[in-house]
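So the structure is just underneath, and the comments pick up after that.
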Number of protein chains: 2
Amino acid sequence: MSERTRRIPEATVARLPVYLRSLLGLAEDDKAATISSERLAELAGVNAAKVRKDLSYLGSYGTRGVGYDVEYLLFQMSRELGLTHDWPVVIVGVGNLGQALANYGGFTDRGFPIAALVDADPAKVGEMVHGIAVRHIDDLPAIADGAGIAIGIIATPAGAAQEVADRLVAAGITSILNFAPALVTVPAETSLRKVDLAVELQILSFYQQQRAGPRAGVTVARTS
Amino acid sequence: MSERTRRIPEATVARLPVYLRSLLGLAEDDKAATISSERLAELAGVNAAKVRKDLSYLGSYGTRGVGYDVEYLLFQMSRELGLTHDWPVVIVGVGNLGQALANYGGFTDRGFPIAALVDADPAKVGEMVHGIAVRHIDDLPAIADGAGIAIGIIATPAGAAQEVADRLVAAGITSILNFAPALVTVPAETSLRKVDLAVELQILSFYQQQRAGPRAGVTVARTS
DNA sequence: CTGTGCTTGTGAACGTGAACACGTGCGCCC
DNA sequence: GGGCGCACGTGTTCACGTTCACAAGCACAG
Ligand SMILES: NC(=O)c1ccc[n+]([C@@H]2O[C@H](COP(=O)([O-])OP(=O)(O)OC[C@H]3O[C@@H](n4cnc5c(N)ncnc54)[C@H](O)[C@@H]3O)[C@@H](O)[C@H]2O)c1
Ligand SMILES: NC(=O)c1ccc[n+]([C@@H]2O[C@H](COP(=O)([O-])OP(=O)(O)OC[C@H]3O[C@@H](n4cnc5c(N)ncnc54)[C@H](O)[C@@H]3O)[C@@H](O)[C@H]2O)c1
């Protein structure tokens with residue numbers, strides 16, 4: 001096995017889950033043992049060459065003239081993504097969004113069981129959500145440690161986001177998904193991703209507005 | 001001689017809302033009339049040169065040696081993003097997520113009022129959520145038309161996502177935000193963005209696994 | 001009015017990822 | 001067992017976005 005520069009581009013990492021889901025999705029009825037890059041590309045909504053290049057980062061798991069063995073590919077992708085075991089998750093902020101996330105079964109199904117819910121509001125502590133008791137955020141270190149939690153989700157108001165992130169980091173959590181519309185900074189060795197719905201809507205608004213026609217006929221002038 | 005309407009790179013469009021929020025965030029106490037690219041960069045968590053280049057796509061609204069006039073910049077950015085008026089939104093799928101979104105005030109605050117809720121389940125139709133009556137998806141064309149809705153949010157199970165997207169498009173909606181973990185295709189003149197939480201978690205999982213050690217084996221390292 | 005300091009605006013270098021094209025190797029057919 | 005076709009793997013080219021560095025230009029002081 002070559003252990004050479006296996007650095008996988010970020011863009012590729014982001015597509016692997018999509019390939020994974022595409023493969024899981026076909027399963028049953030369309031039970032072919034192998035799949036071509038072209039077919040997978042179609043399922044995932046990308047270009048076939050991109051699929052091949054992406055998969056090549058994992059190793060040479062395809063067979064020329066045939067395609068990729070579906071089962072084996074699934075295994076390798078899961079392994080690479082670290083999905084061979086569960087990653088328990090803690091949700092911070094059991095409000096509107098936090099509860100929706102907690103009640104959603106899709107995470108547990110995909111290997112991300114909700115292991116704990118925490119909140120700063122004493123009124124929420126003790127409440128049961130989806131069979132899990134809400135605990136106080138001060139207990140975070142003990143909770144994270146006890147359950148071996150490595151991933152935290154921030155679902156608090158924006159004002160509390162940075163503080164919550166700091167507490168998550170202090171509790172030993174090294175991967176954070178932030179839903180609050182606020183800039184959060186974490187140490188370099190901590191992963192941080194954000195999901196910002198308002199930004200998504202504003203991006204849609206931009207293109208919508210663009211189409212609506214700010215003075216049609218004005219074409220792009222070459223600028224150089 | 002000002003070159004207006006330069007094509008704005010997608011990456012820049014995605015950052016404009018962040019700048020906008022940063023500016024709105026400082027407002028009150030820190031009420032300086034102008035702001036430098038360096039300061040704004042710090043607030044938005046990016047590089048100062050990037051801020052300047054991004055803002056330059058909007059036009060030359062800065063003053064050398066001084067900075068950008070905050071009020072004027074806010075106006076120009078809002079105008080460019082199409083935020084000078086509201087964009088009513090329809091949410092399709094009033095389940096877990098759909099209700100959380102409907103109950104969230106942040107969208108209305110930012111100019112994206114929830115104008116309608118629709119669902120395919122007869123049991124849900126008529127239900128009131130956040131003061132809005134859930135209507136049947138068959139009424140979508142009439143609803144969209146009547147309220148002048150241009151943006152739709154898909155919050156249905158993955159299996160229904162493509163069908164819902166088709167119906168949104170048929171109803172004249174040209175911007176779609178998809179929360180369902182499914183590949184959805186739309187006509188070229190329709191904007192589509194997706195938010196996929198499971199993918200986000202899997203990306204975090206990858207880097208987490210990466211840190212845990214390339215040769216750590218498949219068992220969980222419970223060394224907390 | 002001229003000099004000085006400061007921050008913008010932007011050409012150019014650089015880096016990364018996407019797309020392409022084709023060489024490569026495997027399976028299969030004859 | 002040799003040739004043929006097919007789909008992978010990948011070097012190359014291209015496009016885009018980021019970063020750098022600095023000239024340009026404005027405010028203000030003297
Ligand atoms: N609800 C949505 O659909 C939605 C959509 C997009 C973004 N968001 C964002 O997600 C975040 C949560 O939204 P929400 O609607 O659930 O808000 P919410 O007010 O309903 O819930 C926030 C929860 O966080 C808790 N909290 C506050 N400060 C805390 C702290 N320091 N530590 C721990 N817990 C704390 C509160 O007690 C509350 O339970 C917000 O930042 C919001 O902007 C929500
Ligand atoms: N709940 C979450 O926190 C969460 C998180 C991530 C992703 N998601 C995704 O968001 C989507 C919705 O999740 P949910 O938990 O709200 O599911 P849900 O089952 O609670 O709600 C789905 C709703 O969609 C309606 N629906 C089904 N088919 C429809 C159709 N053809 N037209 C109109 N409405 C239809 C159902 O009646 C139901 O009300 C799913 O795709 C899920 O994977 C949800």
Side-chain angles (χ1 to χ4, degrees), chain A residues 1-2 4-19 22-23 32-74 76-77 80 203 206-207 220-224, chain B residues 1-19 23 32-70 72-73 76-77 80 203 206:
Chain A
M1 270 294 175
S2 62
R4 345 184 286 115
T5 330
R6 284 261 297 272
R7 189 194 142 269
I8 301 183
E10 177 147 359
T12 294
V13 173
R15 280 190 296 269
L16 290 179
V18 179
Y19 299 147
S22 300
L23 291 178
T34 63
I35 189 170
S36 70
S37 61
E38 193 145 358
R39 180 82 204 291
L40 181 51
E42 190 187 341
L43 292 174
V46 301
N47 169 303
K50 206 183 285 185
V51 169
R52 291 199 295 277
K53 180 142 283 192
D54 284 344
L55 295 185
S56 76
Y57 288 115
L58 306 182
S60 292
Y61 298 140
T63 304
R64 293 163 196 236
V66 178
Y68 301 88
D69 181 286
V70 175
E71 285 304 320
Y72 192 58
L73 197 54
L74 277 171
Q76 289 297 346
M77 286 182 27
E80 198 71 36
I203 294 171
F206 172 84
Y207 290 108
V220 185
R222 187 82 36 77
T223 58
S224 52
Chain B
M1 61 154 282
S2 55
E3 292 294 337
R4 46 171 48 170
T5 321
R6 263 179 296 187
R7 188 192 136 271
I8 301 184
E10 175 143 3
T12 294
V13 173
R15 279 189 296 269
L16 290 180
V18 179
Y19 300 147
L23 291 179
T34 63
I35 188 169
S36 69
S37 61
E38 193 146 358
R39 179 82 202 292
L40 181 51
E42 189 188 342
L43 292 174
V46 301
N47 169 304
K50 205 183 284 185
V51 169
R52 290 199 296 275
K53 180 139 280 191
D54 285 343
L55 295 185
S56 77
Y57 289 114
L58 305 182
S60 291
Y61 297 140
T63 303
R64 293 163 195 233
V66 178
Y68 300 88
D69 181 286
V70 175
Y72 192 57
L73 196 55
Q76 289 296 346
M77 285 181 27
E80 197 73 35
I203 294 172
F206 171 84

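In what follows, every chain begins at residue 1, and chains take the letters A, B, ... in the order their sequences are listed. For the numbers below, each heavy atom of this structure counts, side chains included, while hydrogens, waters and symmetry mates do not. Everything quoted here is computed from the prediction, not taken from an experiment.
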Heavy-atom check, side chain of B/Leu40 versus side chain of B/Tyr68, under 4.5 Å:
no
For residues A/Leu55 and A/Leu73, determine if any side-chain heavy atom of one lies less than 4.5 Å from a side-chain heavy atom of the other.
yes
What string of B, S and - do you get for nucleotides 11-20 of chain D, 5' to 3', when a contact is any protein heavy atom under 4.0 Å?
BB----SSBB
Would you mind building the protein contact string for nucleotides 25-30 of chain D? One character per nucleotide, 5' to 3', B for base within reach (heavy atoms under 4.0 Å), S for sugar-phosphate only, - for untouched.
BBS---
Distance, rounded to the nearest Å, where [X] contributes [atom1] and [N] contributes [atom2]:
X       : N      : atom1 : atom2 : answer
B/Glu38 : C/dT8  : CD    : P     : 8 Å
A/Ile8  : C/dA18 : CD1   : P     : 14 Å
B/Arg39 : C/dT8  : CZ    : C1'   : 18 Å
B/Tyr68 : C/dC6  : OH    : P     : 18 Å

Would one find a side-chain N or O of B/Ser37 under 4.0 angstrom from OP1 or OP2 of C/dT7?
no
Residues passing the ring-ring contact (aromatic ring centres under 6.0 Å, His included) test with A/Tyr57, sequence neighbours excluded, are none
List the atom of A/Ala48, the atom of A/Glu38, and the distance in Å for their closest heavy-atom pair.
CB-CA, 3.9 Å
side-chain contact (heavy atoms from CB on, under 4.5 Å) filter on A/Val70, not counting sequence neighbours, yields A/Leu23, A/Ile35, A/Leu74
Could you work out, with side-chain contact (heavy atoms from CB on, under 4.5 Å) as the rule, every residue matching A/Ala44, not counting sequence neighbours?
A/Val18, A/Tyr19, A/Ser22, A/Val46
Please indicate whether B/Gln76 has more than 12 foreign heavy atoms, meaning atoms of other residues, nucleotides or ligands, lying under 6.0 Å from its CD.
yes
According to salt bridge (charged side-chain N to carboxylate O under 4.0 Å, His left out), who are the partners of B/Glu10, at least two apart in sequence or on a separate chain?
B/Arg193
